[in-house]
Amino acid sequence: MFDLDVALSEIKRGTAEIIDEARIKELLEHYLKTGENYYVKAGFDPTAPDLHLGHTVLIQKLALFQKFGGIVQFLIGDFTGMIGDPTGKNVTRKPLDRETVLENAKSYKAQVFKILDPEKTEVVFNSAWLDKLGAKGIVELTTTFNVARMLERDDFEKRFKSETPISISEFLYPLLQGYDSVALKSDIELGGTDQKFNLLMGRQLQRTYNTGKQQAVLMMPLLEGLDGVNKMSKSLGNYIGVTEDPDTMFGKMLSISDNLMWRYYELLSSKSLEEIARLKADVQSGTLHPKAAKEALAQEIVTRYHDEAAAKAAKAEFDKVHKQKDIPSDIPEFSFAGPVWIAKVLTEAKLEPSTSQARRDIKQGAVKINQQKIQDEQLQLENGEYIVQVGKRKFARVKVD
RNA sequence: GGUGAGAUACUCAAGCGGCCAACGAGGGCAGACUGUAAAUCUGCUGGUUUUUACCUUCGGAGGUUCGAAUCCUCCUCUCACCA
């Protein structure tokens with residue numbers, strides 16, 4: 001089966017905090033002895049999923065549990081989604097209709113089953129039990145907790161002190177999320193560090209409702225984005241989406257700093273901790289080039305979300321463009337009626353956002369035609385075919401006739 | 001409901017009648033270098049084929065002035081204190 005100590009150290013890898021580690025050990029031991037599974041819960045937003053590597057940190061941890069006897073409860077918070085998690089700055093949101101929820105769930109599955117084992121995953125919706133709770137159930141739920149304790153939560157406390165409004169419904173959010181754990185009888189719940197309060201609520205409510213269980217809680221850190229400073233998020237643009245094409249993925253992975261690479265290794269690679277330690281030692285001693293280590297990681301990630309052939313092709317393409325300074329094999333094409341002013345070509349081909357920017361870049365020597373730097377910003381392109389390039393990464397094939 | 005403070009480009013933040021397309025920082029883009037879209041250094045960062053020029057921007061609408069981001073009036077919104 002598996003070695004308990006190895007399993008535990010892999011489970012602990014990269015975690016921010018584990019509450020009731022002993023419980024996790026018990027569950028694994030019990031599984032080894034009897035083959036009985038246990039349940040690992042994680043909740044997700046019902047809005048349209050566009051997963052990036054930041055999300056996959058948690059999902060990979062779920063997948064890890066599947067290797068060690070865990071059944072994943074992939075919870076889509078279609079009911080709680082109406083309230084909006086107070087962790088963000090969301091106010092009350094519109095409830096999504098059934099159809100949209102199902103569609104989003106489908107999209108989740110497509111992305112998530114690249115990592116999770118579908119055989120060991122139960123996709124559940126919390127409206128299934130929360131809808132039935134009713135006013136009576138809700139009131140009962142609220143009696144299990146009091147306002148003073150609710151205000152212990154960090155962001156509630158801050159908002160209370162600064163007199164920023166807190167809606168009553170927001171108090172309900174942690175309670176309902178906790179109740180999910182009661183309904184699902186989860187043994188372990190995973191979440192980000194920002195979810196600590198909500199995760200602990202599940203633990204407490206399981207006790208209050210006498211489920212005979214008390215879930216262990218495992219928190220994963222928020223992955224830093226490509227800039228290495230802010231957390232990875234779509235709005236900051238510092239992300240790698242799991243559905244992005246291989247070339248982009250590979251390029252973005254290589255753009256992270258050498259430092260950040262180790263963080264990504266820890267949280268994203270499926271290499272064992274020993275292997276990573278060895279890589280790191282090799283880089284430090286100079287026997288392995290940092291770039292080679294980064295390429296290996298990039299290949300691994302591309303392979304996971306596409307396949308090995310795509311990863312190889314992406315690397316080859318990258319080398320072609322950046323090492324041999326060649327042009328990429330697949331570039332957009334535009335045609336114009338000539339003669340045409342170069343600045344117009346650049347903006348029309350979307351290589352530059354404005355004529356002014358185009359002029360500036362020409363002045364700086366950032367624009368090349370057929371690999372030749374150009375200086376003349378008045379340049380007119382005569383009939384013919386040209387490869388126009390701005391900087392290192394923006395290319396277009398231009399036909400003038 | 002009352003009183004006070006504030007709203008400036010992607011973000012933060014100067015400017016408080018002409019020298020303002022607007023200091024500075026972050027971010028972004030580019031150049032050099034290289035190991036790569038790492039690191040470091042440097043430049044650029046509203047728009048426009050009138051490019052040592054012109055046009056549009058400083059919460060919104062008016063007004064004063066030869067001239068306003070800067071002064072006045074009203075409005076909208078944010079924040080702080082009081083109720």
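Chain A is the first sequence line, chain B the second, and so forth, proteins listed ahead of strands; every chain is numbered from 1.
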Quick check on side-chain hydrogen bond (donor to acceptor under 3.5 Å, both in side chains): which of A:Glu189, A:Gln204, A:Arg203 does A:Gln215 satisfy it with? A:Glu189

Taking atom types as modelled and ignoring hydrogens, do the side chains of A:Gln177 and A:Asp180 form a donor-acceptor contact shorter than 3.5 angstrom? no

Atom NZ of A:Lys344 and atom P of B:rG47 are separated, to the nearest Å, by 17 Å

With 3.5 Å as the limit, what N/O pairs link the protein to nucleotides 48-55 of chain B?
unit_1 : atom_1 : unit_2   : atom_2 : d
B:rU48 : OP1    : A:Thr355 : N      : 3.3
B:rU48 : OP1    : A:Thr355 : OG1    : 3.3
B:rU48 : OP2    : A:Thr355 : N      : 2.9
B:rU48 : OP2    : A:Ser356 : N      : 2.7
B:rU48 : OP2    : A:Ser356 : OG     : 3.1
B:rU49 : OP2    : A:Thr355 : OG1    : 2.5
B:rU49 : O2     : A:Gln378 : OE1    : 2.6
B:rU49 : O4     : A:Gln380 : NE2    : 2.6
B:rU51 : N3     : A:Arg359 : NE     : 3.4
B:rU51 : N3     : A:Arg359 : NH1    : 3.1
B:rU51 : O4     : A:Arg359 : NH1    : 2.7

Just jot down the salt bridge (charged side-chain N to carboxylate O under 4.0 Å, His left out) partners of A:Glu17, sequence neighbours excluded, or say none. A:Lys196

Is the positively charged end of A:Arg98 above the ring of A:Phe125, judged by distance under 6.0 angstrom from the centroid and angle within 45° of the axis? yes

What distance, rounded to whole Å, do you find between the two P atoms, one in B:rA22 and one in B:rC54? 14 Å

Taking the P atom of each, how far is B:rU50 from B:rG59, in whole Å? 30 Å

Separation of B:rA21 atom P from A:Arg360 atom CZ, nearest Å, is 16 Å

base_contact_polar (B:rG43 base, A:Gln364 side chain, donor-acceptor, <3.5 Å): yes

Sugar-phosphate, base or nothing in reach of A:Lys315, heavy atoms under 4.0 Å: nothing

According to the Watson-Crick and G-U wobble definition with distances under 3.5 Å, which dot-bracket string, read 5' to 3', encodes RNA chain B, using [ ] for crossing pairs and | for pairs with another strand? ((((((((.[[[..)..(.....]]]((((((.......))))))(((....)))...[[[[[..)....]]]]]))))))).

When the C1' atoms of B:rC10 and B:rG1 are considered, how many whole Å apart are they? 38 Å

Between B:rC19 and B:rG27, how far apart are the two P atoms, rounded to whole Å? 31 Å

Quick one: salt bridge (charged side-chain N to carboxylate O under 4.0 Å, His left out) pairs with a partner in residues 224-235 of chain A, sequence neighbours left out? A:Asp50-A:Lys234, A:Glu224-A:Arg263

Are a donor atom and an acceptor atom from the side chains of A:Thr347 and A:Glu352 found within less than 3.5 Å of each other? no

Establish, from distance only, whether the side-chain atoms of A:Asp245 and A:Thr248 form a donor-acceptor pair under 3.5 Å. yes

Considering only atom C1', compute the distance from B:rG2 to B:rU64 and round it to an integer number of Å. 31 Å

Closer than 4.0 Å, any side-chain N/O of A:Lys373 to the OP1 or OP2 of B:rA32? yes

With a cut-off of 3.5 Å and sequence neighbours excluded, list every side-chain donor-acceptor pair involving residues 250-257 of chain A.
unit_1   : atom_1 : unit_2   : atom_2 : d
A:Lys252 : NZ     : A:Tyr239 : O      : 3.1
A:Lys252 : NZ     : A:Glu244 : OE1    : 3.2
A:Lys252 : NZ     : A:Glu244 : OE2    : 3.0
A:Ser255 : OG     : A:Lys252 : O      : 2.8
A:Ser257 : OG     : A:Leu260 : N      : 3.2

Sugar-phosphate or base contact per nucleotide [nucleotides 35-41 of chain B; S, B, -; heavy atom under 4.0 Å]: BBBS---

When rounded to the nearest Å, what value does the distance between C1' atoms of B:rG63 and B:rG17 take? 15 Å

If we count only N and O atoms by modelled type, under 3.5 Å, do the side chains of A:Ser270 and A:Gln60 hold a donor and an acceptor together? no

For nucleotides B:rU45 and B:rU11, find the distance between their C1' atoms and express it as a whole number of Å. 14 Å

Do A:Lys344 and A:Thr355 pair up side chain to side chain, a donor and an acceptor below 3.5 Å, judged on atom types alone? no

When you compare the side chains of A:Arg304 and A:Gln299, does any donor N or O come within less than 3.5 Å of an acceptor on the partner? no

Got a sec: does the CD of A:Glu275 have more than 12 other heavy atoms crowding it under 6.0 Å? yes

By the 4.0 Å heavy-atom rule, please label A:Ala343 as base, sugar-phosphate, or nothing. nothing

What integer number of Å spans the C1' atoms of B:rG35 and B:rG24? 34 Å

